[in-house]
Each structure stands twice: as C-alpha cells, then as structure tokens.
Amino acid sequence: MFELTHLNYATIILDVSAIILAYGMLRQTRIMRKSRLESDSLFFGMLILMVVMALSDIVGYLTENRPGETIINLQIISMTVFYLAFTVLSMSWFDYCTFRFKDKGRVKKIGMRPAFLPGVLTFGLVFLNQFTGIIFSVDEMGGYHREFLFIPMYVVIVAYLATGFFYIAKYRTSDKKTLIPMWLYAMPIIVSTVITFVAGEVSMAALGTAITIAFTHLGTMNEVADLSMKESVQ
C-alpha cells in the first residue's frame with residue numbers, strides 16, 4: 001500500500017516551495033534574460049538546476065522504502081539526477097561567483113578550466129554509481145544507503161560552494177561596502193545541509209539552495225540599483 005509519512009510530506013512541501021521560489025525569481029527577472037552577461041546566464045542556469053534537484057528529490061522520497069524492481073530503478077535514477085544536478089549547480093555557483101565577485105564582470109576565459117576537474121570527475125562517478133553503487137545504493141526493499149564515496153562527493157560540492165562564499169565575503173561594492181551580511185547568504189544552505197544530514201529522512205537541499213541563490217540575486221541587484229541612482233544624481 002502506498003503511504004506517505006510526515007517526513008515524506010515535509011520533504012515534498014520543502015521541494016515544492018523551492019520550485020515556487022525559483023518560478024517567482026524567473027518571472028521577476030525575465031528582462032535580464034535578454035542580457036548576454038555570463039553571470040546572468042549562470043544565474044538562470046542555477047535556477048533551472050535547482051528545479052531539477054527539487055523534482056528529482058520528490059521522486060526519490062516517494063519511491064524510498066518501496067520494494068519492486070521498477071520502483072527501485074526509478075529511485076536510483078531520480079537520486080542520480082539529483083546529485084548530477086547538484087554537482088553541476090555547485091560548479092555553476094563557483095563560476096558565477098568567480099565572474100560576478102572575483103573578476104567583477106571582466107571578460108574571462110569561457111570553458112573548461114583546471115578548477116572544474118574535481119567536479120567533472122564527481123559527475124562521472126555519480127553517473128557510474130547507477131552500475132557500481134559506490135556513492136549510494138538501494139536495497140531490495142527500497143532502502144536508501146550512503147556508500148564510501150558519498151562523503152567525498154559532498155566534499156567536492158561543498159568546496160565549490162564554500163569558494164563562492166569566500167569570493168562574496170571578499171567582495172566590496174563601488175562604495176567599499178559589503179552587499180548584505182554574509183550570514184544571510186550562507187545560513188540557508190548551511191542549515192539545510194545540517195538538517196538533511198542529521199535528520200536523514202528530510203531533505204532541504206533544494207530549498208536551501210534556492211534561498212541562497214535568491215539572496216545572492218537580491219544583493220547584486222541592490223548594488224546595481226544603488227549605483228544607477230548615484231549616477232543619475234550626478
């Protein structure tokens with residue numbers, strides 16, 4: 001019998017909230033899509049990846065602890081898509097912060113760089129996990145298990161995210177001020193990661209990522225608005 005626990009409901013609600021938040025940001029920033037700036041393209045790409053994370057996360061939790069070959073394969077595929085999207089999103093976040101905060105919008109080399117090698121390797125291992133079970137596995141009863149490469153996978157993801165936060169922390173606006181308090185940027189994704197790992201049966205990864213992306217967008221847009229106002233006054 002197909003039954004949902006309160007933890008399943010909680011995860012679904014959190015993931016749906018992340019999708020709604022992403023949809024709102026996409027609607028409110030639709031004019032920016034006409035821009036050819038690298039940072040805008042990366043920003044929209046992260047929103048799409050976050051939606052993919054939320055959708056695959058929902059499927060993964062709906063199929064967990066449910067026996068049956070088809071259901072088990074669906075769970076493996078959905079969680080594979082989740083981690084693939086999360087890996088690419090963390091790399092996009094690193095690239096976005098490099099372009100937006102470290103390089104400050106200056107033209108940079110586009111394409112593969114040495115910094116992306118750990119991410120590409122992680123992406124490949126996540127894909128191969130479907131056949132090897134070296135990162136996560138699903139038993140015959142539909143139970144989800146973390147395997148020995150699960151932590152290394154997250155180390156790579158967190159390293160990209162942390163480097164982006166480092167660039168934000170060092171960044172200063174044209175009037176030498178920070179954008180918004182650093183803890184506002186970092187807290188959503190930190191809290192979501194802790195809850196996801198400690199609780200185990202509740203996932204906040206998509207929602208925490210969505211809120212962090214939203215804060216980043218608001219901070220950078222505030223800077224643009226302030227700079228425009230100052231230039232108009234002058």
Do Y160 side-chain atoms and G119 backbone N/O form a donor-acceptor pair below 3.5 Å?
-> yes
State yes or no: are the ring centers of F127 and F123 separated by less than 6.0 Å?
-> no
Common cluster, M91/V52, ILVMFWY with side-chain heavy-atom separation under 4.5 Å | no
Give me the ring orientation class for Y154 and Y83: parallel if the planes are under 30° apart, tilted from 30 to 60°, perpendicular past 60°.
-> perpendicular
Name the orientation class of the two ring planes belonging to Y167 and F94 (parallel below 30°, tilted from 30 to 60°, perpendicular beyond 60°).
-> tilted
Which heavy-atom pair separates V88 from L49 by the least distance, and what is that distance?
-> CG1-CD1, 3.7 Å
Interatomic spacing from OH in Y23 to CD1 in I19 - rounded to 0.5 Å = 13.0 Å
Roughly how far, to the nearest 0.5 Å, is the CD1 atom of I72 from the CD atom of E140?
-> 7.5 Å
For residues T122 and M153, determine if any side-chain heavy atom of one lies less than 4.5 Å from a side-chain heavy atom of the other.
-> yes
Path from I76 to L74 over hydrophobic side-chain contacts below 4.5 Å | no
Just wondering, do R113 and D95 contact through their side chains at under 4.5 Å, heavy atoms?
-> yes
When every non-hydrogen atom of T163 is compared with those of A159, the smallest separation belongs to OG1-O, 2.7 Å
Measuring from S137:OG to M79:CE, what's the distance to the nearest 0.5 Å?
-> 12.0 Å
May I ask you to decide if the ring planes of F43 and Y96 are parallel, tilted or perpendicular, using 30° and 60° as cut-offs?
-> tilted
Heavy-atom closest contact (S17 atom, I13 atom, distance) | OG-O, 2.7 Å
Checking side-chain contact (heavy atoms from CB on, under 4.5 Å) for the pair Q130/T80: CA distance, chi angles, key distance, verdict?
-> CA-CA 7 Å; Q130 299 175 90; T80 298; 3.4 Å; yes
Atom pair OG1/CG of T132 and L125 - distance to nearest 0.5 Å = 8.0 Å
Closest heavy-atom pair and its distance - M53, A85 = CG-CB, 3.7 Å
Atom CD in Q75, atom CG in N65: separation rounded to 0.5 Å?
-> 7.5 Å
Given the rule that I, L, V, M, F, W and Y join up when any side-chain heavy atoms are under 4.5 Å apart, are L161 and F116 in one cluster?
-> yes
Tell me whether V156 is reachable from F136 by hopping between hydrophobic residues (I, L, V, M, F, W, Y) whose side-chain heavy atoms are closer than 4.5 Å.
-> yes
Would a line drawn from the ring center of W93 to the ring center of F165 be shorter than 6.0 Å?
-> yes
Minimum-distance pair of heavy atoms, taken over all atoms of S78 and S56 | O-CB, 3.2 Å
Inter-residue atom distance L89.CG - M50.CE, 0.5 Å rounding | 8.5 Å
Determine, using the 4.5 Å side-chain heavy-atom cutoff (strictly less than), whether F82 and Y144 are members of one ILVMFWY cluster.
-> yes
